[in-house]
Amino acid sequence: MARKHTFALTLCLAMLAGCSSGPRRIVVASKNFTEQIVLGEIIAQQIERRLHQPVDRKLNLGGTLLAHEALVAGQIDVYPEYTGTALTAVLKQPPSGNAAQVLDKVSREYQRQWKLQWLPPLGFDDTFAMVIRGETARAGHLTAISDAAARTEPWKLGVGYEFLQRPDGLAGLVKTYGLRLDGQPVSMDLGLLYRALEGRQVDMAAGNSTDGQLQTLDVVVLRDDKNYFPPYQCAIVARDAALADNEGLRAALVELSGKIDDATMRRLNYEVQGKHRPVAEVAAEFLKGLGS
């Protein structure tokens, strides 16, 4: 199984390399969910408007492992990542609740092991969010995950694929809270979680705190009262070589640091998920709002 996985990953990276001629363009990538695609497009447009050169986009690339390996292999140059994800899924370190220490740890280790730089965070923390329907929360007076764990009736849980295997995912959540589940969790694409919750296919979903649907649906995010989930500050990660080879690239990327807070990210996600607007249009509108 491991050999098959390695072969598949190698094949994907080889396909990314493709065939090209002439000077190599900067390659901007993202993982395979709405927020990442929006951020990837913002990064790409920011580079184009500041460096006045086109970039190649590898948006919707895949999960954490594929994106990270593509960056290490030099097949992509830049993509947005989350500190908690880097700490647990990439570095295989235990979760930590100290945001500053987590950022320092991943920054040092990425530089030491792979010559990759973490730029100052974008300004939001996209932690996991255990979400239930509003009517369920009101009927049971549920405001925290501990309240949900104390409910007699087990929960039918919906999760994204990665949540099942992540060290900061399902197993630790169940152990920390003693959460009782109704059978195996239903795994699905992240974009389908809220539809499943509304359609009563599940009665709890492991979403994200910046999901656009949170500002429009009648749902409640349960408070992580035992601080199980580590911080997930989002930041741009870039190859040292790409920053060195492209004058002005680092300065252009740092302009985005601190410019996207939680509410802004939820709004951007909703513009795409809820209003079905083109990602490129939403990204351009955001950058225009930043000024020249």
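What you are looking at is a predicted structure, and each value in this text was computed from that prediction instead of being measured. Throughout, residue positions are numbered sequentially from 1 according to the sequence presented.
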| message | Strictly distance-based, threshold 3.5 Å: is any side-chain N or O of Ser30 a donor or acceptor partner for the main-chain N or O of Gly40? | response | no

| query | If you group Ile, Leu, Val, Met, Phe, Trp and Tyr by side-chain heavy-atom gaps below 4.5 Å, do Leu181 and Tyr177 land in one group? | reply | yes

| Heavy-atom side-chain proximity of Val131 to Val220 below 4.5 angstrom | no

| request: Give, for atom CG of Asp125 and atom OH of Tyr232, the distance between the pair rounded to the nearest 0.5 Å. | output: 9.0 Å

| query | Within a strict 4.5 Å, meaning less than it, do heavy atoms of the Lys105 and Leu87 side chains meet? | reply | yes

| query | Quick check: does any side chain N or O of Asn208 sit under 3.5 Å from a backbone N or O of Asp211, one acting as donor and the other as acceptor? | reply | no

| message | I want to check something: taking the side chain as every heavy atom from C-beta on, are Gln45 and Arg57 in contact at a cut-off of under 4.5 Å? | response | yes

| In terms of hydrophobic clusters joined by side-chain contacts under 4.5 Å, are Phe124 and Leu290 together? | yes

| query | Val72 versus Lys115: any side-chain heavy-atom pair under 4.5 Å? | reply | no

| said: Would you compute the distance between atom CG of Leu197 and atom CD1 of Ile132 and round it to the nearest 0.5 angstrom? | reply: 8.5 Å

| said: Could you tell me if Glu255 and Gln46 have a donor-acceptor pair between their side chains, going purely by distance under 3.5 Å? | reply: yes

| query | Looking only at heavy atoms, what is the nearest atom pair of Ser107 and Trp118, with distance? | reply | OG-CB, 3.5 Å

| query | Of Arg151, Lys156, Arg133, which meets salt bridge (charged side-chain N to carboxylate O under 4.0 Å, His left out) against Asp203? | reply | Arg151

| What distance do Thr34 atom OG1 and Leu268 atom CG have between them, rounded to the nearest 0.5 Å? | 11.5 Å

| Between Thr64 and Glu162, is any pair of side-chain heavy atoms under 4.5 Å apart? | yes

| Residue list, salt bridge (Lys or Arg N to Asp or Glu O under 4.0 Å) with Glu285, at least two apart or on another chain | Arg277

| said: Taking the ring of His68 and the ring of Tyr110, is the distance between their centroids below 6.0 Å? | reply: yes

| task | To the nearest 0.5 angstrom, please state how far the CZ atom of Arg239 sits from the CH2 atom of Trp114. | result | 15.0 Å

| If we ignore angles and hydrogens, is there a donor and acceptor under 3.5 Å between the side chains of Arg166 and Thr85? | yes

| request: Would you give the length of the straight line joining atom CG of Asn269 to atom CD of Gln215, rounded to the nearest 0.5 angstrom? | output: 9.0 Å

Can you give the donor-acceptor pairs under 3.5 Å from side chains of residues 240-254 to other protein atoms, not counting sequence neighbours?
| from | atom 1 | to | atom 2 | distance (Å) |
| --- | --- | --- | --- | --- |
| Asp240 | OD1 | Gln111 | NE2 | 3.3 |
| Asp240 | OD1 | Gln117 | NE2 | 3.1 |
| Asp240 | OD2 | Gln111 | NE2 | 3.4 |
| Asn246 | ND2 | Ala242 | O | 2.8 |
| Arg250 | NE | Gln117 | OE1 | 3.3 |

Could you give the side-chain donor-acceptor pairs of residues 89-101 under 3.5 Å, partners two or more places apart or in another chain?
| from | atom 1 | to | atom 2 | distance (Å) |
| --- | --- | --- | --- | --- |
| Lys92 | NZ | Ala89 | O | 2.9 |
| Ser96 | OG | Asn98 | N | 3.4 |
| Asn98 | OD1 | Ala100 | N | 3.2 |
| Asn98 | OD1 | Gln101 | N | 2.9 |

| Is there side-chain contact between Val27 and Val55, with at least one heavy-atom pair below 4.5 Å? | no

| request: For residues Ala29 and Leu61, report the shortest heavy-atom separation together with the two atoms involved. | output: CB-CD2, 4.1 Å

| note | Between Ser146 and Lys226, the two heavy atoms sitting closest are OG-CE, 3.7 Å

| For the atom pair CD1 (Ile43) and CG (Leu256), what is the distance rounded to the nearest 0.5 Å? | 7.0 Å

| Cluster overlap Leu164 with Phe128, hydrophobic side-chain contacts below 4.5 Å | yes

| said: Would you say Thr210 and Asp126 are linked by a side-chain donor-acceptor pair, where the criterion is simply a distance under 3.5 Å? | reply: yes

| request: Could you tell me how the ring of Phe163 sits relative to the ring of Phe229: parallel (under 30°), tilted (30 to 60°) or perpendicular (over 60°)? | output: tilted

| Under 4.5 Å between any side-chain heavy atoms of Gln201 and Val186, yes or no? | no

| Any chain of hydrophobic side-chain contacts (each under 4.5 Å) joining Ile260 to Tyr270? | no

| query | Between Thr216 and Gly274, is there a donor-acceptor pair closer than 3.5 Å when you use the side chain of the first and the backbone of the second? | reply | no

| How about Pro230 and Asp168: do any of their side-chain heavy atoms sit closer than 4.5 Å? | yes

